Amino acid sequence: MKYLIIANWKCNPSSLRQSKQLFSVYKKQMRSCKNINLVVCPPFIFISQLKEKFKNIFLGSQDCFYKEGAFTGEVSSQMIKSFDLNYVIIGHSERRNIFHETDEEINKKIKDVLDYKMNPILCVGENKKQRDDGETFEVIKRQIGEGLNKINRDRIKNIIIAYEPIWAIGTGESAEADKMQEVKIFIKKFINNKYGAKTSQLIKVIYGGSVDSNNICSYLSTSQMDGVLVGGASLKKDEFSKILKKVNSL
Ligand code: PGA
């Protein structure tokens, strides 16, 4: 089995030169990694310059829009597909909170990405207050249920679910690995009840939130996650190389 590592660069780095440098470090490190599929999600403007075939490294998009036409600033799923990208992050908490994306819009994006035969990475997770109020599972259930609304079983298997508790994103406060295993089991059960055991086995569940070289192995071993989504640490050359090395040693 190969671990799925998603590097989400968000709105970084500042220049094409820096993004090329970072990407070349990834390529060097990935030469010796046998058990990783790495998906790099840079800002749209850098994608064409990083696009070259490289074993086990794929490019992905941080978002998409489900229509074309008079929508200033947007990039459609069809455009993303025309660039041969196969992965699209959808519903990241920064999109939900800063750009006020709703579950309904997220559902439309997922359907559109599936129509173009790409893999949506649906991000879900509770904020600190919801965690403190014991609403974690309720939030996850709602976000997955609404995100996947009216998507049938055959299409659902290409979806990756990223559990990203908001309180752990960019805070350095990473979640406890054994608790994350409980969440993974909950997500799998939810999919199992809705779509059956076969589909539940096929769907990948990954973790995101302050992943670094010290905690990565616990998410992949103890939590039994199928992979991780790395934000901040994916921009640090040495740290990200260490992350890849650690995963390769599993
Ligand atoms: P982080 O970001 O690794 O910087 O916490 C993760 C994410 O936003 O997906």
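Everything quoted here is computed from the prediction, not taken from an experiment. As the structure lists them, so they are numbered: ligands from 1, and atoms in each ligand from 1.
- Separating the CD atom in Glu126 from the CG atom in Asp132 is a distance of 9.5 Å, to the nearest 0.5 Å.
- Residue-ligand proximity, Gly209 to ligand 1, at heavy-atom distances under 4.0 Å covers atoms 5 (O).
- Inclusion of His92 in the set of residues having an N or O under 3.5 Å from an N or O of ligand 1 is warranted.
- Heavy-atom contacts from other residues, nucleotides or ligands closer than 6.0 Å to NZ of Lys242 number 12 or fewer.
- Glu164 OE2, 2.6 Å is the protein heavy atom nearest to atom 9 (O) of ligand 1.
- At a 3.5 angstrom cut-off on N or O pairs, Gly170 counts as close to ligand 1.
- Between Ile80 and Tyr116, every side-chain heavy-atom pair lies at or beyond the 4.5 Å cut-off.
- Annotation: salt bridge (charged side-chain N to carboxylate O under 4.0 Å, His left out) contacts involving residues 160-180, sequence neighbours excluded, comprise Arg131-Glu173, Glu176-Lys179.
- Between the Tyr219 side chain and the Ala175 main chain, a donor and an acceptor come within less than 3.5 Å of each other.
- For atom 2 (O) of ligand 1, the closest heavy atom belonging to the protein is Lys10 NZ, 3.3 Å.
- In this structure, atom 6 (C) of ligand 1 lies nearest to the protein heavy atom Gly231 N, 3.7 Å.
- With a 6.0 Å radius and a threshold of 12 heavy atoms from other residues, nucleotides or ligands, Asp238 has its CG atom at or below the threshold.
- Nearest protein heavy-atom neighbour of atom 4 (O) of ligand 1: Gly232 N, 2.8 Å.
- Contact annotation for Ala168 and ligand 1: only backbone heavy atoms (N, CA, C, O) come within less than 4.0 Å of the ligand.
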